[in-house]
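If you read the sequence from its start, that first residue is 1, and numbering goes on from there. Both ligands and their constituent atoms are indexed starting at 1 by order of listing.
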Amino acid sequence: MRLWLVFFLLAPGVFWAQPLQRCSFSHGQMGTVFRLVFYARDSLQAAVDAVDIFARVDTLNAVMSDYLPESELNRLCATAGSGKKIAVSKDLWRILALSKKYSRRSRGAFDVSIGPLTRLWRRARHLEELPDSSRIHAAAALVDYRKIKLYRWGRCVALQTTGMQLDLGGIAQGYAADICLHGLQRRGYRSVMVDAGGDIALGDAPPLSAGWQIALEGLPDTFFLKKCAITASGATLRYLEAPDGTRYSHIIDPRSGWGVTSPVVVVVKTRRAVAADAWATALSVTVGGGRRPRFGRVWLSVGNAQ
Ligand code: AMP
Ligand code: MG
């Protein structure tokens with residue numbers, strides 16, 4: 001009798017371990033949809049954790065958005081040319097330091113001081129009219145990542161050109177995807193997929209499978225991947241079509257000020273989504289800009305770029 005009692009007391013514990021369930025959550029932010037897919041034993045706890053992660057994404061948007069007039073980024077840009085050093089948040093500091101690193105390594109193909117040009121081209125796409133070359137020239141003169149000065153002591157930034165405008169659109173989603181992945185991993189989830197509008201960060205594979213099946217916009221292929229990041233960029237994804245049929249991409253060559261015209265989609269697979277995001281944008285300029293010959297529709301780069 002006593003033995004039975006012990007069995008009934010222990011039995012729920014033995015059979016309690018819940019199976020892993022696939023949980024999926026989405027949240028609109030940064031002009032796109034963030035999607036978290038991960039495997040959890042407790043779906044209610046998973047929902048609570050997803051809400052936490054999305055709150056962090058909202059905070060990142062309030063720091064990095066160039067659309068919100070009161071974002072930390074825009075408040076910093078308002079001081080451009082004033083000679084002042086401005087103390088910034090850890091996130092803004094980190095993303096600017098990373099951006100400068102990718103600018104140096106890509107020899108200026110990636111440049112977050114591209115803001116005056118992206119504003120000009122955004123307006124042109126809205127009006128469906130090419131901007132005139134004198135305005136492109138004037139905006140391009142304000143673009144130079146070397147004029148973004150970072151002071152480690154006190155985490156300060158000085159923008160040295162009057163009219164300088166930063167645009168983190170080529171890197172912020174990748175940065176956010178990494179933060180979502182690490183946030184979920186810190187909470188104990190292993191099989192995780194984060195999709196920040198095409199900037200994808202992956203943890204372990206789903207249970208009993210070789211990897212996450214990933215399809216990228218603009219590409220016919222699907223990939224099975226785990227523990228890496230992948231993203232696609234390119235002229236074919238968003239563009240302005242001129243009367244002669246030339247398509248000018250939303251990705252701009254900082255040296256000429258013109259949208260990239262080659263119909264190239266660049267795919268980058270790396271360890272971190274922030275690197276994949278920045279390199280995909282940078283390589284879209286490098287392979288698609290200037291007077292280079294046209295390449296095929298798809299250009300694939302798979303590496304461990306940091
Ligand atoms: P992505 O989709 O990651 O390639 O980012 C494209 C966005 O990056 C554009 O919409 C602009 O906001 C920004 N951008 C465009 N050209 C550049 C460039 N040469 N360097 C850095 N950011 C850029
Ligand atoms: Mg990018």
Side-chain angles (χ1 to χ4, degrees), residues 30-34 61 64-68 71 73-74 77 95-96 98-126 131 136 139-140 142-146 148 164-178 195-201 216-219 229-240 247-270 272-290 299 301 305:
M30 295 191 182
T32 187
V33 176
F34 277 67
N61 187 60
M64 297 175 180
S65 168
D66 62 320
Y67 284 89
L68 294 176
S71 69
L73 183 83
N74 279 337
C77 292
I95 201 163
L96 289 177
L98 286 166
S99 297
K100 284 197 69 167
K101 178 174 89 172
Y102 298 126
S103 293
R104 278 193 302 273
R105 292 193 179 173
S106 67
R107 299 200 168 84
F110 182 83
D111 192 329
V112 293
S113 69
I114 198 89
L117 284 168
T118 46
R119 286 191 170 185
L120 191 63
W121 281 95
R122 233 181 249 164
R123 193 161 164 271
R125 277 200 304 280
H126 180 69
I136 290 181
L142 302 174
V143 178
D144 185 351
Y145 69 91
R146 286 163 298 198
I148 305 170
M164 188 177 235
Q165 181 66 48
L166 306 181
D167 172 358
L168 299 173
I171 188 170
Q173 289 173 8
Y175 182 89
D178 282 333
D195 176 3
D199 290 291
I200 292 167
L216 292 169
E217 193 188 348
L219 294 180
I230 187 165
T231 194
S233 269
T236 60
L237 303 179
R238 229 184 306 152
Y239 54 82
L240 167 67
R247 291 177 171 180
Y248 294 92
S249 169
H250 67 303
I251 297 171
I252 300 160
D253 186 336
R255 290 154 288 201
S256 69
W258 286 83
V260 168
T261 53
S262 281
V264 179
V265 176
V266 177
V267 180
V268 179
K269 175 177 159 284
T270 62
R272 290 198 300 158
V274 68
D277 193 3
W279 278 113
T281 306
L283 291 170
S284 296
V285 172
T286 311
V287 302
W299 189 83
S301 159

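- Distances below 4.0 Å separate heavy atoms of Val285 from the following atoms of ligand 1: 19 (N).
- Within the coordination shell of the Mg ion (ligand 2), defined by N, O or S atoms under 2.8 Å, Asp277 is present.
- Applying the side chain to side chain contact (heavy atoms under 4.5 Å, CB included) criterion to Leu120, with sequence neighbours excluded, gives Pro131, Arg135, Ile136, Ala139.
- Below 4.0 Å from some heavy atom of Gly169 lie the following atoms of ligand 1, by number and element: 3 (O), 5 (O), 7 (C), 8 (O), 12 (O).
- Interface of Phe110 with ligand 1, defined as ligand atoms under 4.0 Å from a residue heavy atom, comprises 20 (N), 21 (C).
- With a 4.0 Å heavy-atom cut-off, ligand 1 is reached by the backbone of Asp111 but not by any atom from C-beta on.
- Nearest protein heavy-atom contact of atom 16 (N) of ligand 1 is Ile252 N, 3.0 Å.
- Protein heavy atom at the shortest distance from atom 3 (O) of ligand 1 is Asp277 OD1, 2.9 Å.
- Close approach of ligand 1 to Ser233 (heavy-atom distance below 4.0 Å) involves ligand atoms 1 (P), 2 (O), 3 (O), 4 (O).
- Contacts between Ala109 and ligand 1 below 4.0 angstrom, taking non-hydrogen atoms only, involve the backbone exclusively.
- Of the candidates Gly170, Ser284, Ala278, the one placing a heavy atom closest to atom 5 (O) of ligand 1 is Gly170.
- If you check which protein heavy atom lies closest to atom 12 (O) of ligand 1, you get Asp167 OD2, 2.6 Å.
- For Gly170, the nearest N, O or S atom to the Mg ion (ligand 2) falls under 2.8 Å.
- In summary, Ser233 places no N/O/S atom under 2.8 Å from the Mg ion (ligand 2), failing the contact criterion.
- For Asp178, there are no salt bridge (Lys or Arg N to Asp or Glu O under 4.0 Å) partners at least two apart in sequence or on another chain.
- The protein atom (non-hydrogen) at minimum distance from atom 15 (C) of ligand 1 is His250 O, 3.4 Å.
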